[in-house]
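To start, the structure under review is shown below, and the notes come after it.
From a predicted model like this one, the values you see are computed outputs, not experimental measurements.
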Amino acid sequence: MTFDPRMLPPAVVLAGLLAAAVWHDVRTRRIPNRLVFGGAVAGLAFQTLLPAGAGLFASPFGALGLLNGLAGLGLGLALLLPLYMLGAMGAGDVKLMAMSGAFLGPHDVLGAALLTLMAGGVLALTVALASGRMGQVLANLRQLLLHALVRAGTGGTARLDAPPAPTGKLAYAIAIAAGTALQLMLARVPAWSNLL
């Protein structure tokens, strides 16, 4: 596939939004609502106002339409919402994935979310190793899983509680930006796109 110069405006806007989210998340461990809501509006505007096509980053270039933009936004929200409900992720991270979904559409946001989770795992391991907290991370994981198994085995609800000794918060916008970028690169690879 050749690069269509019409992809540049949505790509620059999405990259700028993700870079701003990473910057805020690294500095404050928060992603501003105005950033994600403004970004979602921008993504939906691109999906609505541009001529129809296979996607903002696909060939043939073009918008998926408002309904597919909303479906991408909703799916991005739904895919990470369970992690927020478990306390494993902040609300800003979930909203950022939803914002990316408005740009990507429902098919590509699924791949972006899967790649985000993989990037998040790599990020967590990297931070744990760099900070010397890998032993505490493994002890927390063992205790969380043991409690969940005991609850499930005794007829209770298998849920994960907060770890007894927190090991810090991750700037998960890094993983979301990486997952989104990887999806844009891998969307043209048949082996990856056929998995979705």
Side-chain angles (χ1 to χ4, degrees), residues 1-22 25 31 35-37 39-48 50-86 88-126 170-196:
M1 182 190 107
T2 60
F3 174 75
D4 188 326
R6 295 175 296 174
M7 292 179 190
L8 200 54
V12 167
V13 170
L14 179 58
L17 290 163
L18 290 171
V22 167
D25 204 10
I31 301 170
L35 182 111
V36 291
F37 291 139
V41 168
L44 293 174
F46 279 123
Q47 296 292 13
T48 304
L50 292 176
L56 300 177
F57 310 104
S59 183
F61 169 81
L64 297 172
L66 179 61
L67 291 180
N68 278 320
L70 287 169
L73 186 143
L75 186 57
L77 183 73
L79 289 169
L80 296 188
L81 193 58
L83 293 172
Y84 167 74
M85 294 170 69
L86 286 170
M89 181 176 293
D93 301 322
V94 177
K95 291 181 273 189
L96 184 62
M97 191 78 246
M99 181 207 76
S100 291
F103 281 88
L104 299 174
H107 183 264
D108 283 342
V109 78
L110 177 60
L114 290 171
L115 291 165
T116 291
L117 294 174
M118 288 191 272
V122 170
L123 177 65
L125 289 174
T126 302
L170 291 177
Y172 210 78
I174 296 169
I176 294 169
T180 300
L182 284 169
Q183 174 58 32
L184 292 177
M185 287 187 273
L186 292 175
R188 292 164 187 77
V189 177
W192 174 252
S193 60
N194 290 339
L195 285 174
L196 305 175

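Looking at L114 and L79, their side chains never come closer than 4.5 Å, going by heavy atoms from C-beta outward. Counting heavy atoms from C-beta outward, T116 and M97 have side chains that approach closer than 4.5 Å. Looking only at side-chain heavy atoms (C-beta outward), T180 and F103 stay at 4.5 Å or farther from each other.
When atom types are taken as modelled, the side chain of Q47 and the backbone of A102 share a donor-acceptor pair closer than 3.5 angstrom. A donor-acceptor pair under 3.5 Å links the side-chain atoms of D93 to the main chain of G90, judged by distance alone. No side-chain donor-acceptor contact under 3.5 Å links D108 to the backbone of L184. Between the side chain of D4 and the backbone N or O of F61 there is no donor-acceptor pair closer than 3.5 Å.
Taking each heavy atom of L96 and A173 in turn, the nearest pair found is CD2-CB, 3.8 Å. Heavy atoms only, all atoms of each residue included: R188 and F57 are closest at NH2-O, 2.7 Å. Smallest separation of non-hydrogen atoms from M99 and V36: CG-O, 3.6 Å. Of all heavy-atom pairs spanning L70 and L44, the tightest one is N-CD2, 3.6 Å. Closest non-hydrogen pair, S100 versus L14, comes out as OG-CD1, 4.3 Å. When all heavy atoms of W192 and Q183 are compared, the pair lying nearest together is NE1-OE1, 2.7 Å.
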- request: Could you check V94 against L83 for side-chain contact (heavy atoms from CB on, under 4.5 Å), going step by step and ending with a plain yes or no?
  value: CA-CA 9 Å; V94 177; L83 293 172; over 6 Å; no
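Atom CG of L67 is surrounded by 12 or fewer heavy atoms from other residues, nucleotides or ligands within 6.0 Å. For CE of M118, the number of neighbouring non-hydrogen atoms (other residues, nucleotides, ligands) closer than 6.0 Å is greater than 12.
Separation of atoms CD1 (I31) and CG (L17) is listed at 11.5 Å; rounding is to 0.5 Å. The CG atom of L115 lies 9.5 Å from the CG atom of L110; values are rounded to the nearest 0.5 Å. Taking CG of L117 as the reference point, atom CG of L123 lies at 12.0 Å (rounded to 0.5 Å). Distance CG/L64 to CG/L50: 10.5 Å, rounded to 0.5 Å.
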